[in-house]
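Numbers restart at 1 for each chain; the letters A, B, ... are given by sequence-line order, proteins then strands.
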Amino acid sequence: MKFWLMKSEPDTYSWDDLENAPAKTGSWEGVRNYQARNFMRDEFKLGDQVFFYHSSCAEPAIIGMAEVVRESYPDHTAMDPKSQYYDEKSAQKGLNPWVMVDVKAKKRFAKPLTLSEVRKSSELKDLLLLQKGQRLSIQPVQNEHAKIIMNLV
DNA sequence: GCCAACGTTGGC
DNA sequence: GCCAACGTTGGC
């Protein structure tokens with residue numbers, strides 16, 4: 001079982017949106033970055049644990065834990081001209097390179113672990129999230145880092 | 001809104 | 001294949 005961190009802008013898709021969805025489960029559509037896609041396609045397994053992170057908001061923070069409940073399958077929004085995630089070039093080629101997974105909200109943390117709090121932990125200084133220029137929306141989290149995070153929330 | 005950092009695109 | 005221009009991410 002692996003740990004991951006997935007970023008979402010709460011204005012677009014928040015922890016509450018996931019928790020209020022049927023079966024507390026949502027499909028992680030709209031990833032249009034190859035590195036992030038490769039993680040989902042090649043490495044995401046049922047039962048993997050996902051730290052849900054709110055980005056681009058007043059207080060960026062890790063909000064809760066979700067779990068992978070369906071492994072990768074085609075992200076149909078890439079082929080849908082009406083979707084905000086439409087990928088015109090791929091659609092014209094008739095090949096959809098994009099995938100998504102389903103995640104289920106498991107546990108909202110008693111208190112969100114804010115980015116500034118993460119920065120304060122010397123044990124988390126190597127966390128990918130903190131590295132300079134790191135913009136990946138899906139990141140692996142080392143087991144040791146995951147333990148430390150879970151001890152902080 | 002600003003801007004640093006990064007990924008992608010496209011001309012050559 | 002190089003690299004400048006452009007677009008996006010995301011913290012502040």
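Between A:Phe52 and A:Trp4, the distance separating the two ring centers is not shorter than 6.0 angstrom.
Note that CZ of A:Arg108 and NZ of A:Lys24 are 10.0 Å apart. Values are rounded to the nearest 0.5 Å.
One can place OH of A:Tyr34 at 7 Å from P of B:dT8, the figure rounded to the nearest angstrom. In this structure, CD of A:Gln131 is placed 17 Å from C1' of C:dT9, rounded to the nearest angstrom. The OH-P distance, from A:Tyr13 to C:dT9, rounds to 18 Å in whole Å. Look at CG on A:Asn33: it is 13 Å from P on B:dC6, rounded to the nearest Å. Nucleotide C:dG10 holds its P atom 11 Å from the CD1 atom of A:Ile138, rounded to whole Å. Separating the CD atom of A:Gln134 from the C1' atom of C:dC12 is a distance of 18 Å, rounded to the nearest angstrom. Computed from coordinates, the A:Leu130 CG to B:dA5 C1' distance equals 16 Å when rounded to whole Å. In this structure, A:Trp98 atom CH2 and B:dT8 atom C1' are separated by 11 Å, rounded to whole Å.
Closest approach to the A:Arg119 side chain among C:dG11, C:dT8, B:dT8 is made by C:dG11 (side chain taken as heavy atoms from C-beta onward). Side-chain atoms of A:Arg135 lie closest to B:dC6 of the nucleotides C:dC12, C:dG10, B:dC6.
Regarding contacts with the backbone of B:dA5, a side-chain N or O of A:Lys132 is found under 4.0 angstrom from either OP1 or OP2. Of the side-chain N and O atoms in A:Tyr53, none sit less than 4.0 angstrom from OP1 or OP2 of C:dT9.
A side-chain N or O of A:Asp17 and one of A:Ser14 form a donor-acceptor pair less than 3.5 Å apart. A donor-acceptor contact under 3.5 angstrom links the side chains of A:Arg32 and A:Thr77, judged on distance only.
The nearest heavy atom of DNA chain B to A:Gln35 and to A:Lys89 marks one nucleotide each, and the one closer to the 5' end goes with A:Gln35.
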